[in-house]
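Below you'll find the structure, written out as structure tokens, and then a few comments.
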There are 2 protein chains.
Amino acid sequence: MNRKKIDASHVFHALGDPTRRAIVERLSERPYSVSGLATPLNISLTAVAQHLQVLEESGLAHSEKTGRVRTCRLNAAGLSVLEKWIRDRRSLWVRRLDRLGDALAESDEE
Amino acid sequence: MNRKKIDASHVFHALGDPTRRAIVERLSERPYSVSGLATPLNISLTAVAQHLQVLEESGLAHSEKTGRVRTCRLNAAGLSVLEKWIRDRRSLWVRRLDRLGDALAESDEE
DNA sequence: CATTTACCGAAGTGACCACTTCAGTATTGC
DNA sequence: GCAATACTGAAGTGGTCACTTCGGTAAATG
């Protein structure tokens, strides 16, 4: 029902916002409550909750409510989409950039 | 002088758009002219040029004009920003995700 | 030289985004 | 019970985004 499609667009879009990247970086260390995440950020609690929703929909985070506190954690799904996209392109990049490197070395040394 | 700031926000934002990701994927294979990039996309040439500008500003592509043709290529700068961000967080993710085996099993879908 | 090709620039548009405020609901602690 | 806490939902706002059209410039081509 609330399971949105997790794809590269969602993940990249979610990480395009510095506030959301900050949240992900915090969650990399340990779980946080919504207000715990909000504390160092100069925005409203509601805004943080909205960011969290984006992160959840992109598969980068998930959360569950116990009592009145919602505990937020990192989620592997979004991260793996991100890493997969990069991995899928990496060999092509390397091949291409090797040729670029050759061209650079030819025209100008570093 | 016209060196714009290449940061994670720009790179993630640039890759958040499916059309721009498609362009990056094409450029992974070989250089293209602007109209060459536009051909398989159902949008105007102008729109493609605008996408290209975003990719250039985020450090993911660069281009140069020879005669009337602008040749576009992948650029390493944006890619390295992206990979660096992921690498910087990866160890934390792994440590965290080790403790979250349950969450993984819970959200296993492709 | 005229036409076609390839791109550039400005301006407009509708949709979406980050964020706000305000008014709720549930839970916890005194 | 009452107040403080922790969120939740709806609605609004200003800004940005992807895209368009139109009009222009410059290079290749017959």
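Letters A, B, ... are given to chains in the order of the sequence lines, protein chains preceding strands, and every chain is numbered from 1.
No continuous path of hydrophobic side-chain contacts links B/L52 to B/V69 [ILVMFWY only; heavy atoms under 4.5 Å]. Under the 4.5 Å side-chain contact rule for hydrophobic residues, B/L41 and B/L60 share a cluster.
Distances shorter than 4.0 Å separate some side-chain N or O of A/S44 from OP1 or OP2 on C/dT20.
Between the side chain of A/R20 and the main chain of A/A14, a donor-acceptor pair closer than 3.5 Å is present. Not a single donor-acceptor pair under 3.5 Å links the side chain of B/R26 to the backbone N or O of B/A22. Not one N or O on the side chain of A/R73 forms a donor-acceptor pair closer than 3.5 Å with the backbone of A/H62.
In this structure, A/F12 and B/F12 have tilted ring planes: the angle between them lies in the 30° to 60° band.
Remark: B/H10 NE2 to B/L55 CG distance equals 12.5 Å, nearest 0.5 Å. A distance of 4.5 Å separates CG of B/L74 from OG of B/S28, quoted to the nearest 0.5 Å.
Whole-Å rounding puts the A/E64 CD to D/dC7 P distance at 13 Å. Whole-Å rounding puts the A/L45 CG to C/dA18 C1' distance at 15 Å. A/Q53 places its CD atom 10 Å from the C1' atom of D/dG9, with the value rounded to the nearest Å. Note: CG (A/L15) to C1' (C/dC17) measures 16 Å, nearest angstrom. One can place CG of B/L52 at 16 Å from C1' of D/dC19, the figure rounded to the nearest angstrom. Distance B/N42 CG to D/dC19 P: 11 Å, rounded to the nearest Å. A/R70 places its CZ atom 8 Å from the C1' atom of D/dC7, with the value rounded to the nearest Å. Look at CG on A/L37: it is 19 Å from P on D/dT5, rounded to the nearest Å.
When the options B/L37, B/V24, B/I43, B/T46 are evaluated for a side chain to side chain contact (heavy atoms under 4.5 Å, CB included) with B/H51, the one that passes is B/I43.
Heavy atoms of A/A47 sit under 4.0 angstrom from at least one base atom. Within the 4.0 angstrom heavy-atom criterion, only backbone atoms of the sugar-phosphate kind lie near B/S35; the bases stay farther away. In this structure, B/I43 reaches the sugar-phosphate backbone alone: every heavy-atom distance under 4.0 Å involves primed, P, OP1 or OP2 atoms, never a base.
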Can you check each nucleotide of nucleotides 10-18 of chain D against protein heavy atoms at under 4.0 Å and return B for base, S for sugar-phosphate only, - for none, in 5' to 3' order? BB-----SS
Taking only N/O atoms, report every protein-nucleotides 26-30 of chain C pair under 3.5 Å with atom names and distance.
from   : atom 1 : to    : atom 2 : distance (Å)
C/dT27 : O2     : A/R68 : NH1    : 3.1

